[in-house]
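Everything numeric in this text was worked out from a predicted model, so none of it was measured. The chains referred to below are lettered A, B, ... by the order of the sequence lines, with proteins before strands, and numbering in each begins at 1.
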Number of protein chains: 2
Amino acid sequence: MANYVQPIEKLIRQFTKLPGVGSKTAQRYALRILAMNDADAQEFAQAILQAKSNVKVCSVCGNYTDTDPCHICNTRDNSIICVVQEAKDVLAIERLGEYKGVYHVLGGVLNPLKNVGREDIRLAELFKRLTGDVQEVILATDTSAEGEATATYIARFVKQYGVKVTRLAQGISIGSELQYADEVTLSRAFVNRKEV
Amino acid sequence: MANYVQPIEKLIRQFTKLPGVGSKTAQRYALRILAMNDADAQEFAQAILQAKSNVKVCSVCGNYTDTDPCHICNTRDNSIICVVQEAKDVLAIERLGEYKGVYHVLGGVLNPLKNVGREDIRLAELFKRLTGDVQEVILATDTSAEGEATATYIARFVKQYGVKVTRLAQGISIGSELQYADEVTLSRAFVNRKEV
C-alpha cells in the first residue's frame, strides 16, 4: 500500500517522538514543515541542533543553562533554595519576577510505582548544597501524592541541618469559584485557614 | 525578567510555528528535545532537512513526491483523476488501497472571504490534464461550503470537455447513530436516499 514518500514518513515518525503527538498530528506538523520555505526549515533544524549543543545542565542547580554554573546560581541570593520538580517549574516561578533566591531542579519526584527512587532524582546534589550558608529551603514540588511525599522526605532531611524548610501555600486558587474546588483542596483550605 | 536561555527560547519559538502549537506546548516539545540524546536530536534535525531537500511537488498532480512525475502518476490508471484539497487527503484515500486512478491536489479551495481565487489553487493545471484521455473526474474536496463550491465550479468546467464528473457520496457516517447526525447531513441523506 502506497504511503507518503520515504522522507516524509521519516519526518512524521520523528514528530511522534514529541510528548502527546500521535500520527495524525505528526502528519500535520510534517506537512507544515514541507510548506515552509527552505530558509525557515533550515532555521528550525538549526534551532534543534543548537539547543542540543549549546544547552547544558547547571552542575549546581540542575536547570538548563548555557554557562556553568548558570546565570541564576551565579548572580542570585544563594541562601534560599527553591526545590522544584522540573526545569519548566523554574520558568513558571521566574515569570513572577519576585523570587530572588536560587533553585534546585530535582528532575522528577520519588515514585515507587514507577521505580523512581532516591538515587534517580537530584537529592544527593541538593543535600550537598546545605553545607553552605543556606538559610531556607522552599519546597515547590507538585501537590500530587508523589510531590507531597518527596517534599516530606526532603523536609525531614533538611531539618537535621537546622535549616528552615517551607512549602508553598496550598488552598483554593485565586479567582476560582469555591463550588468548583475539588474536595482535597477544599478540605486542606479549611485546615490551613488563616485569621484575618 | 530572566527566561530560558537563548537557544531554548529559540527552539520554543520554532515549535510555535507548527499548526495548533501554543507556547506551553512548544515548551514541552523543546524540553523533550533537550532530554533526547545527541544522536536522536540530530536525527530529528536531519529528518527536517532531508524532507525539505528531497521532497518535491509532482508537476502533474501536485502531490508530494521524490520523483517527478510521482510514483502514482507514473504507474496508475491516468483515465480517472480524483481531485482533492490537500496532500493529506491523498493519504486518506490511499489507505483504503482500493482506488486505482491518479490524483490532482488543488492545494486549497476557492474561498472569497480568505482571498483564495481561481489562480491561487491548481485549477489551470487540472484543466490542462483534461486534454488527455481522461474518462472520469472524481471530486473529493471537503463537504464544507467552500469545498462544495469548488467542486461545483470544477464540475461545470469539466463537463464542457464531455468528461464524466462524479462527487463522493454524502450521507450518514457508517457506524454512527442517526440521532447524532447533524441536520445538514441528515437532510442530505434524505434527498439522496436510494432504493434498496
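Looking at heavy atoms from C-beta onward, Phe15(A) lies out of side-chain contact with Tyr29(B) at the 4.5 angstrom threshold.
Taking a 6.0 Å sphere around NZ of Lys17(B), one finds it holds more than 12 heavy atoms contributed by other residues, nucleotides or ligands. Atom CD of Glu183(B) sits in a sparse spot, with 12 or fewer heavy atoms from other residues, nucleotides or ligands closer than 6.0 Å.
Along residues 32-48 of chain A, the residues that come nearer than 4.5 angstrom to chain B, judged on non-hydrogen atoms, are Arg32(A), Ile33(A), Leu34(A), Ala35(A), Met36(A), Asn37(A), Asp38(A), Asp40(A), Ala41(A), Gln42(A), Glu43(A), Phe44(A), Ala45(A), Ala47(A), Ile48(A) in order of number.
Of the listed residues Thr67(A), Thr25(A), Val55(A), the one with more heavy-atom pairs under 4.5 angstrom with chain B than any other is Val55(A). When the candidates Glu86(A), Gln50(A), Arg13(A), Arg28(A) are compared by the number of heavy-atom contacts under 4.5 Å with chain B, Arg28(A) comes out ahead. In terms of non-hydrogen atom pairs under 4.5 Å with chain A, the most contact-rich of Val57(B), Asp66(B), Val90(B) is Asp66(B). With chain A as the partner, the residue from Leu18(B), Leu49(B), Leu11(B) showing the most heavy-atom pairs under 4.5 Å is Leu18(B).
In the hydrophobic clustering of this structure, Val60(A) does not group with Val83(A); members are Ile, Leu, Val, Met, Phe, Trp, Tyr whose side-chain heavy atoms approach within less than 4.5 Å, directly or through other members. Under the 4.5 Å side-chain heavy-atom criterion for ILVMFWY residues, no single connected hydrophobic cluster contains both Val109(A) and Phe157(A). Under the 4.5 Å side-chain contact rule for hydrophobic residues, Ile138(B) and Leu123(B) share a cluster. At a threshold of 4.5 Å between side-chain heavy atoms, the hydrophobic network of Ile, Leu, Val, Met, Phe, Trp and Tyr places Ile12(A) and Val21(B) in two separate groups.
By the side chain to side chain donor-acceptor pair (under 3.5 Å) test, Thr75(A) pairs with no residue at all, sequence neighbours left out.
Distance check, rounded to the nearest 0.5 Å: CG of Asn63(A) to CD1 of Ile8(B) gives 7.5 Å.
Across Tyr64(A) and Leu31(B), no two heavy atoms sit closer than the pair CE1-CD2, 3.6 Å.
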